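Notes to accompany the following structure.
Note that this is a predicted model, so its numbers are computed, not measured.
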Amino acid sequence: MDRIDAMRVFVTAVDEGSLAGAARKLKRSPTAISRALSSLEAHVGVELLHRTTRTLKLSEAGQRYVAACRRVLIELEEADMVAGGERSSPQGTLTISAPPILGEEVLRPILDDFLELHPSVSVRFLMLDRFVNLVDEGVDLALRIGNLTDSSHISTRIGGDVRRVVVASPRYLSGNPDIVEPSDLAKHQIVAFSNFGLESWSFTPAKGSPIPRTVHFTPRYIVNSVRAAAASAAAGIGLTRLYSYHVAEYVRDGRLKIVLADAEHPALPVHLLAPQGRMSVPKVRAFVDYAVPRLRVELSRIATEAGSLA
């Protein structure tokens with residue numbers, strides 16, 4: 001069994017979540033998929049997957065090995081593209097990650113249009129409320145909100161002015177103590193969203209102090225969904241903290257009100273990230289060239305809306 005082919009089968013099985021899914025994706029029989037995985041495990045000498053016909057779970061060794069396989073397959077693809085030069089047209093599977101709401105509402109329509117233009121390209125679209133490891137997880141491009149700390153990636157700034165806002169319903173605010181400064185939050189019920197802090201929130205320093213203000217709390221409600229946090233806050237359960245575009249519609253129609261706007265940290269930039277070397281791959285380069293100007297238009301609109309929220 002060709003080891004590179006077996007690696008490709010292994011990665012596909014992990015991405016599809018089952019042997020049957022890998023068989024459909026690669027247009028092979030489940031028996032052939034199982035044989036390739038067994039061959040790979042025999043070669044490395046450890047079990048990589050705990051598997052049934054319906055489910056897969058990576059072993060500890062498998063978690064390390066799948067990341068290495070992704071790097072090998074990406075480097076092979078890049079080598080093929082370099083050899084092909086300008087004759088290479090966009091083709092293959094493009095893997096992109098984005099935060100769920102921004103992905104659904106902004107990036108997905110752009111991807112739809114891109115696929116219409118490039119019939120030889122497929123997309124694996126990962127909408128996740130976490131930062132992905134682009135290399136280890138085999139991601140070609142990531143839409144990321146926040147200040148960048150990893151300089152090893154190629155970044156394209158596509159927007160800014162994404163605010164982190166604290167909101168509550170008018171009904172909740174009218175029935176509870178006034179909120180004038182961050183410390184007042186200690187008297188209130190908090191709907192905590194996992195990505196914005198489950199035990200504390202940070203705010204800009206008070207006048208004359210260089211130290212950011214941190215408010216500690218015990219949340220009344222913990223959720224791992226943006227939509228759930230916004231809806232529960234609108235229902236009057238308590239205050240929540242989200243990005244401005246998460247709650248823009250709620251604020252505009254009066255279901256939520258922003259508090260502590262003068263204590264917000266500076267608005268965050270938005271970047272499109274790619275691992276070193278990926279921009280030379282035609283499918284990646286073509287999508288970046290197509291998507292960046294369209295993303296800038298949409299994020300400019302979001303920034304304008306954020307600035308008008310009060």
Partners passing salt bridge (Lys or Arg N to Asp or Glu O under 4.0 Å) against R296 (at least two apart in sequence or in another chain): none

Within-4.5 Å side-chain heavy-atom neighbours: V166 and T240: no

Side chain to side chain donor-acceptor pair (under 3.5 Å) partners for D262, two or more places apart: none

I222 side chain near F193 side chain, heavy-atom distance below 4.5 Å: no

side-chain contact (heavy atoms from CB on, under 4.5 Å) against V215, all qualifying residues, sequence neighbours excluded: P182, L185, F203

Exceeds 12 heavy-atom contacts within 6.0 angstrom, atom CG of N224: no

Straight-line distance of I33 CD1 to R35 CZ, nearest 0.5 Å: 10.0 Å

Closest approach of A22 to E16 (non-hydrogen atoms, all atoms of both residues): N-CB, 3.8 Å

Side-chain touch R70/L73, heavy atoms, less than 4.5 angstrom: no

Spacing of CG belonging to L48 relative to CG belonging to L37, to within rounding of 0.5 Å: 8.0 Å

Heavy-atom pair with the smallest gap, counting every atom of G236 and S169: CA-OG, 3.5 Å

Stepwise side chain to side chain contact (heavy atoms under 4.5 Å, CB included) check, L134 with D140: CA-CA 7 Å; L134 274 67; D140 296 305; over 6 Å; no

Expected output: side-chain S97 to main-chain V132 donor-acceptor under 3.5 Å: no

Results of side-chain contact (heavy atoms from CB on, under 4.5 Å) for R157 - residues two or more places apart only: P269, H271

Residues forming a side-chain contact (heavy atoms from CB on, under 4.5 Å) with P177, sequence neighbours excluded: K187, H188

Smallest separation among heavy atoms of L143 and I158, with atom names: CD1-CD1, 3.1 Å

Donor-acceptor under 3.5 Å (S38 side chain, S34 main chain): yes

Path from L256 to V259 over hydrophobic side-chain contacts below 4.5 Å: no

Chi angles and distances behind the side chain to side chain contact (heavy atoms under 4.5 Å, CB included) call for L56, H50: CA-CA 6 Å; L56 296 175; H50 307 304; over 6 Å; no

T12 (side chain) donor-acceptor with R8 (main chain) under 3.5 angstrom: yes

Common cluster, I190/V223, ILVMFWY with side-chain heavy-atom separation under 4.5 Å: no

Common cluster, M127/I110, ILVMFWY with side-chain heavy-atom separation under 4.5 Å: yes

side-chain contact (heavy atoms from CB on, under 4.5 Å) partners for A261, two or more places apart: R163, I258, E264

All salt bridge (Lys or Arg N to Asp or Glu O under 4.0 Å) counterparts of R285, not counting sequence neighbours: D289

Within one Ile-Leu-Val-Met-Phe-Trp-Tyr cluster: W201 and V180, side-chain cutoff 4.5 Å: no

Show me, pair by pair, the donor-acceptor contacts under 3.5 angstrom made by side chains of residues 228-235, not counting sequence neighbours?
residue	atom	partner	partner atom	Å
S232	OG	A228	O	3.1

Flag, side chain of K283 to backbone of T93, donor-acceptor distance under 3.5 Å: yes

Rounded distance [0.5 Å steps], CD in E47 versus CG in L58: 10.5 Å

Contacts of R255 that satisfy side chain to side chain donor-acceptor pair (under 3.5 Å) - sequence neighbours left out: D253

Contact list for residues 89-143, test ring pair (Phe, Tyr, Trp, His ring centres under 6.0 Å), sequence neighbours left out: F114-H118, F114-F287, F114-Y290

Other residues, nucleotides, ligands: >12 heavy atoms within 6.0 Å of Q63 CD: yes

Heavy-atom side-chain contact between L141 and L273 under 4.5 Å: no

Steps toward side chain to side chain contact (heavy atoms under 4.5 Å, CB included) verdict (D113, L111): CA-CA 5 Å; D113 292 341; L111 277 167; over 6 Å; no

Within-4.5 Å side-chain heavy-atom neighbours: R220 and V191: no

Separation of E199 CD from F217 CZ (nearest 0.5 Å): 8.0 Å

V288-L115 co-clustered via ILVMFWY side chain contacts under 4.5 Å: yes

Y172 side chain near I237 side chain, heavy-atom distance below 4.5 Å: no

Atom CD of E181: over 12 foreign heavy atoms under 6.0 Å: yes

Residues E60 and R64 bridged, charged N to O under 4.0 Å: yes

Set of residues satisfying salt bridge (Lys or Arg N to Asp or Glu O under 4.0 Å) with respect to D136, sequence neighbours excluded: R71

L173 versus L239, closest heavy-atom pair with distance: CD2-CD2, 4.5 Å

Which atom of Y245 lies closest to which atom of P99, heavy atoms considered: OH-CB, 4.2 Å

Partner residues of R241 under the salt bridge (Lys or Arg N to Asp or Glu O under 4.0 Å) criterion, sequence neighbours left out: none

Residue pair N147, L268: steps toward the side chain to side chain contact (heavy atoms under 4.5 Å, CB included) verdict: CA-CA 7 Å; N147 298 306; L268 295 170; 3.8 Å; yes

Test: E249 and R252 ion pair at under 4.0 Å: no

Charged N-O contact under 4.0 Å between R130 and E137: yes

Nearest-0.5 Å distance, CG of residue L107 to CG of residue L272: 8.0 Å

Residue pair P170 / G254: nearest heavy atoms and the distance that separates them: CG-O, 3.4 Å

Check: I154 and Q276 side chains under 4.5 Å, non-hydrogen atoms: yes

T204 (side chain) donor-acceptor with A263 (main chain) under 3.5 angstrom: yes

Side-chain touch E41/V46, heavy atoms, less than 4.5 angstrom: no

L242 CG to N195 CG distance, which is reported to the nearest 0.5 Å: 10.0 Å

Side-chain donor/acceptor of S174 to backbone N/O of R171, under 3.5 Å: yes

